[in-house]
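Each chain gets a letter, A, B and so on, in the order its sequence line appears, and its residues count up from 1. All figures in this text were calculated on a predicted structure; none of them were measured in a lab.
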Amino acid sequence: KAGVTQTPRYLIKTRGQQVTLSCSPISGHRSVSWYQQTPGQGLQFLFEYFSETQRNKGNFPGRFSGRQFSNSRSEMNVSTLELGDSALYLCASRPSEGGYTQYFGPGTRLTVL
Amino acid sequence: GDSVTQMEGPVTLSEEAFLTINCTYTATGYPSLFWYVQYPGEGLQLLLKATKADDKGSNKGFEATYRKETTSFHLEKGSVQVSDSAVYFCALSDVGGGADGLTFGKGTHLIIQP
């Protein structure tokens, strides 16, 4: 099976802009989670989607939002970008039936100038 | 809330040395435990996991045992190789939640010298 894919792999934006990142889960996986990785804060959970519904959300401001489509693909949006949003954004998917093991994509490296 | 504590390093070893990376956790529920590895410029790869007390996860020569009494999940390998150089993350997932995100440690940067 193909793994989790994320696009784009690299992105450069300026402060105040917005950005949309995309994630395609492993075939058959209906749950998609997003994480932010920074040198200072490490890996932090953003949110999880299952069957197009947000199931849980981490402690991030409302500028961070997401959605999931009927084919389980997910997008994450960050509005009004700040310098501190520069990070590696990782998407992970897991099987819908039991199984708490998450499988990660390669990430999108976002740089905010 | 849940938390994971691990040595941050860098940890520098010679090839064929024995490796231990300590990981301890606190959790309100009964978590599943994981080790992930991240190579430069890449995402996270699942290395091994354990879902209940006394379970031993193993993969590629790495092992870790779920110790509920000491709330630990230490990663070990008997003989490391240069190719093992990477950042290793210990993580937990609260079984009661399932929908909760993974809680990660800060990561341990491992450097293996030839």
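- The aromatic rings of Phe34(B) and Tyr36(B) sit tilted, their planes meeting at an angle between 30° and 60°.
- Proximity of Phe47(A) to Arg55(A): side-chain heavy atoms (C-beta onward) are nowhere separated by under 4.5 Å.
- Inspection of the Gln17(A) and Thr14(A) side chains reveals an N or O donor paired with an N or O acceptor under 3.5 Å.
- Contacts between residues 103-113 of chain A and chain B, defined by a heavy-atom separation under 4.5 Å, are made by Tyr103(A), Phe104(A), Gly105(A), Pro106(A).
- A distance of 9.0 Å separates CG in Leu43(A) from CG in Leu102(B), rounded to the nearest 0.5 Å.
- Ile21(B) places a side-chain heavy atom less than 4.5 Å from the side chain of Leu19(B).
- The closest side-chain heavy-atom distance from Tyr35(A) to Gln102(A) is below 4.5 Å.
- Gln44(A) does not touch chain B: none of its heavy atoms, backbone or side chain, sits under 4.5 Å away.
- Val32(A) places a side-chain heavy atom less than 4.5 Å from the side chain of Cys91(A).
- Judged by a 6.0 Å distance limit and a 45° cone about the ring axis, Lys49(B) is not positioned over the six-membered ring of Phe73(B).
- For residues 103-114 of chain B, the side chain to side chain donor-acceptor pair (under 3.5 Å) pairs, not counting sequence neighbours, are Gln6(B)-Thr108(B).
- Proximity of Cys23(A) to Val4(A): side-chain heavy atoms (C-beta onward) are separated by under 4.5 Å at one or more points.
- The side-chain heavy atoms of Tyr25(B) and Ser3(B), taken from C-beta on, include no pair separated by under 4.5 Å.
- Between Gln81(B) and Glu15(B) there is a side-chain heavy-atom pair separated by less than 4.5 Å.
- Between Ile111(B) and Leu13(B), every side-chain heavy-atom pair lies at or beyond the 4.5 Å cut-off.
- Against chain A, the residues from residues 38-48 of chain B that qualify, each with a non-hydrogen atom under 4.5 angstrom away, are Gln38(B), Gly41(B), Glu42(B), Gly43(B), Leu44(B), Leu46(B) in number order.
- Using a 4.5 Å cut-off between non-hydrogen atoms, the part of residues 63-90 of chain A that approaches chain B consists of Leu88(A), Leu90(A).
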